Amino acid sequence: MIQNMNEATMSRLEKLFHNAHALALAGRPYTDFVWMAKLDQAKGLDVGSTYLNDKAAHQFIDAIASVEMEHLKDKLLETNFVSILSDGTTDVSVQENEIFYIRMCIKGTITVHFLKCAIVPKGDALTIFRAMKRSVEATSLEWEDVRKKIVGMGSDGAAVMLGINNGVAALLRQEQPCSIAIHCYAHKLELAYKDAIKVVPLDKKAITLLQGLYYLYHNSALNRSNLKAAFSSLGQKPFMPTRVGGTRWVAHLLRALKNFFAGYDAIKVHLEQVVRPMTPIERVSCSTSGKAAGLLQLMTHLDTVLYLHNLADVLTVLSRLSLVFQERNASAAVIHGSVAEAKALIQHFEEHDGPYLTKAKSIFCDGAVQVVGAQFHASKQQLIIRLTTSLDDRFEMPGIIEAMKVANFKVWPLPEDLVEIQGFGEDCIKVLTCHYQSVLETAGVDAAEAAIEWCALKAAIYSSQAANMKSLTWERVNRLYPDQYQQILVLIDLILSLPGASAECERGFRMVKAVKTDIRSSLGELSLSNLLMIQLHSPPIETFDPLPAIHLWNQGGVRRPLFWEGQKESKKKMQNKAAATASATMGMGLQAQHDQDPDVQPSTSSGAQFQELVGSVDSDTSLSPSDKDSGADSELDERTVDELILEYCC
């Protein structure tokens, strides 16, 4: 036990665990642990001689991750409701990875915690569901104990995850009938936008222009360099064309549009130079010249340019909504009010120009002298009409999602709307308590008591918090009423436990790619999960306390932190004993020689003879200088070996 370790040993282990923790946070390989220990020794720090290898680093990191897993286990035991977030990807070793997060809410405080990154041999629903069970059991809790608390599951719209009949969500409902599957709101938003642009005539031209510019400057160092020179000649900061797509491609498209607008003049100057070179040195290949001519024609087409600016106005609204959905603490209730607000802003653009379009008309239309083409007007109208329709279709709310609006203060009635306040939320509470009857009873919630407490809590909030209603949080409400309204506040915790998006899984995949790289492609499931656990949830280097991890590691088996120190001490004792024995033997021999012939004096002192005996001084005068430098077993130098090879070959 730790009590049996002396202060010096504990100090060494603390330094080593700090190194292992920093190693995991930085995403460095285990082998770096060796040189980090050597660096500490060079600084004069005492890290001992034991556990200075990559295997020890692996054990230390596993212990640190186990401490975080213990914290997660404690939270799971404390909470009444949980939801599971899941998504899949293929890693650098071409293996299917399923990443799992667990979401819970305790007294208004939402927690989203990494659970495990499981490697699955096959990406079907049954295999993924088994991996989910295995991931939950990695917390040392039984699946059955956690299953009773599951109220929902969040994922992207893949059929294998949310399929009604054979998806993972369907398998989960077989074991927990009250759980609901939530299609990630951020993914829904992207799909709604994709549905809308299918019928817009100018959209294909606009996207082709942005993609063509990106490839032109991304795949050619010369073109990129010449574009920077064009920016420099205009005295502007360089903005390179960027990708149109990406994980969050709505925001990526908006970024591509902003860079295009900022670099419009420089891009136009460079394309004109490519199409009509002033000197023979500026000439380029026919394919590049033809591509530049086509791009120049597209970016000087008025309808296309105006459509791009109108698109930027629309995407600004959608990107703001996407960011709301991607927030870590965003619950399923966040949908209320957010989508309606975005739709209102987009419909406003049907009759009024947005900021980007207004600026574009002032630049490209010469103060309304130049007439805007009918193609732009048709595309603008179609984009707005189709987008509002797609948002309605994609964000159609079933009864259980509609009932969750009681947990969103932004959609509560205004304090002056007394009639609406009186009946607000009563039907929603009935729907929720009916659907989640089994898990609420397990949590000790009585449906009738919850309905009564809802009316009382609503009155208390309006009477004391009416001024800051829109910024009020349930965490604050729990602090204001710690001993009151416990039944209804537990129901609110259930609502807040339901996820609004699976964006956390996307962030997890980014971490997976950073940890499991080409040079670390052999990382297994446990090692990868432990490294992710530390990076996502372990304290920073400055505040990390290694003692819990040391304690946990010390309980994992027989530990010998002074092993190599003991080996060195034993070796030293053996050497001292051998030297003492040799000295005594030599002394007895010299005394016997002196007794036989007292007139003969020894040619050397006993100390010198002792040094010859133990081999610390080379006093063999019969050897040549070359024999003294190399020994009988010394290797030949490279030149000698080469000469011998030639000799043997001849």
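Treat the numbers as computed from the prediction; the structure is a model and nothing was measured.
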Qualifying residues under ring-ring contact (aromatic ring centres under 6.0 Å, His included), relative to [X], sequence neighbours excluded:
X: Phe325; value: Tyr185, Phe395
X: Phe231; value: none
X: Tyr217; value: His270
X: Phe81; value: none

Exercise for review: For atom CZ of Arg520, decide whether the heavy atoms of other residues, nucleotides or ligands shown that lie under 6.0 angstrom number more than 12.
Suggested key: yes
Point to revise | Enclosure of Asn166 CG (heavy-atom neighbours >12, cutoff 6.0 Å) | key: no
Counting N and O atoms only, with roles assigned by atom type, does the side chain of [X] sit under 3.5 Å from a partner on the main chain of [Y], one being a donor and the other an acceptor?
X: Ser527; Y: Gly524; answer: no
X: Arg28; Y: Ala22; answer: no
X: Asn259; Y: Met240; answer: yes
X: Glu475; Y: Gly108; answer: no
X: Ser319; Y: Leu315; answer: yes
X: Asp417; Y: Glu420; answer: no
X: His301; Y: Gln297; answer: no
X: Ser179; Y: Ile150; answer: no
X: Arg510; Y: Cys505; answer: no
X: Lys516; Y: Ser522; answer: no

Roughly how far, to the nearest 0.5 Å, is the [atom2] atom of [Y] from the [atom1] atom of [X]?
X: Phe376; Y: Asp303; atom1: CZ; atom2: CG; value: 8.0 Å
X: Leu496; Y: Ile110; atom1: CG; atom2: CD1; value: 4.5 Å
X: Gln465; Y: Thr473; atom1: CD; atom2: OG1; value: 9.5 Å
X: Lys268; Y: Leu234; atom1: NZ; atom2: CG; value: 11.5 Å

Practice item. Run the numbers on Leu216 and Leu271 for side-chain contact (heavy atoms from CB on, under 4.5 Å), then give the verdict. Key: CA-CA 10 Å; Leu216 180 68; Leu271 292 179; 3.7 Å; yes
Quick one, [X] and [Y] - any side-chain contact, counting heavy atoms below 4.5 Å?
X: Glu98; Y: Cys117; value: no
X: Tyr215; Y: Arg243; value: no
X: Thr304; Y: Met299; value: no
X: Lys194; Y: Leu189; value: no
X: Gln347; Y: Thr388; value: yes
X: Val92; Y: Thr517; value: no
X: Tyr193; Y: Leu391; value: no
X: His252; Y: Val244; value: no

Exercise for review: Would you kindly say whether Ser322 and Gln326 are connected by a side-chain donor-acceptor distance under 3.5 Å?
Suggested key: yes
Review point. Do the side-chain N and O atoms of Ser93 and Gln95 include a donor-acceptor pair separated by under 3.5 angstrom?
Key: yes
NZ/NE/NH1/NH2 to OD/OE distance under 4.0 Å, [X] and [Y]:
X: Lys122; Y: Glu96; result: no
X: Lys116; Y: Glu525; result: yes
X: Asp313; Y: Lys380; result: no
X: Asp195; Y: Arg394; result: yes

Which donor-acceptor pairs under 3.5 Å do the side chains of residues 200-213 make with protein atoms, sequence neighbours left out?
from: Asp203; atom 1: OD1; to: Tyr307; atom 2: OH; distance (Å): 2.8
from: Thr208; atom 1: OG1; to: Lys204; atom 2: O; distance (Å): 2.6

Practice item. Kindly determine whether Lys470 and Leu414 satisfy side-chain contact (heavy atoms from CB on, under 4.5 Å), including the steps that lead there. Key: CA-CA 10 Å; Lys470 301 303 179 182; Leu414 296 175; 4.3 Å; yes
Taking only residues two or more places apart in sequence, or in another chain, which ones meet [X] in a side chain to side chain contact (heavy atoms under 4.5 Å, CB included)?
X: Lys237; answer: Phe239
X: Ala196; answer: Arg386, Leu387, Ser390
X: Val317; answer: Ala342, Leu345, Ile346, Phe349

Exercise for review: Just say parallel, tilted or perpendicular for the rings of Phe260 and Tyr264, cut-offs at 30° and 60°.
Suggested key: perpendicular
Review point. Side chain to side chain donor-acceptor pair (under 3.5 Å) with Asp493: which residues, sequence neighbours excluded?
Key: none
Which atom pairs, donor and acceptor, lie under 3.5 Å between side-chain atoms of residues 396-408 and protein residues at least two apart or in another chain?
from: Asn408; atom 1: OD1; to: Lys410; atom 2: N; distance (Å): 3.1
from: Asn408; atom 1: ND2; to: Ala333; atom 2: O; distance (Å): 3.1
from: Asn408; atom 1: ND2; to: His336; atom 2: O; distance (Å): 3.0

Got a list of side-chain donor-acceptor pairs under 3.5 Å for residues 152-162, not counting sequence neighbours?
from: Ser155; atom 1: OG; to: Ser86; atom 2: O; distance (Å): 3.0
from: Asp156; atom 1: OD1; to: Ala158; atom 2: N; distance (Å): 3.4

Would you mind writing out the side-chain donor-acceptor pairs for residues 532-541 within the sub-3.5 Å range, not counting sequence neighbours?
from: Gln535; atom 1: NE2; to: Ala24; atom 2: O; distance (Å): 3.0
from: His537; atom 1: NE2; to: His113; atom 2: ND1; distance (Å): 3.4
from: His537; atom 1: NE2; to: Phe114; atom 2: N; distance (Å): 2.8
from: Ser538; atom 1: OG; to: His21; atom 2: NE2; distance (Å): 2.9

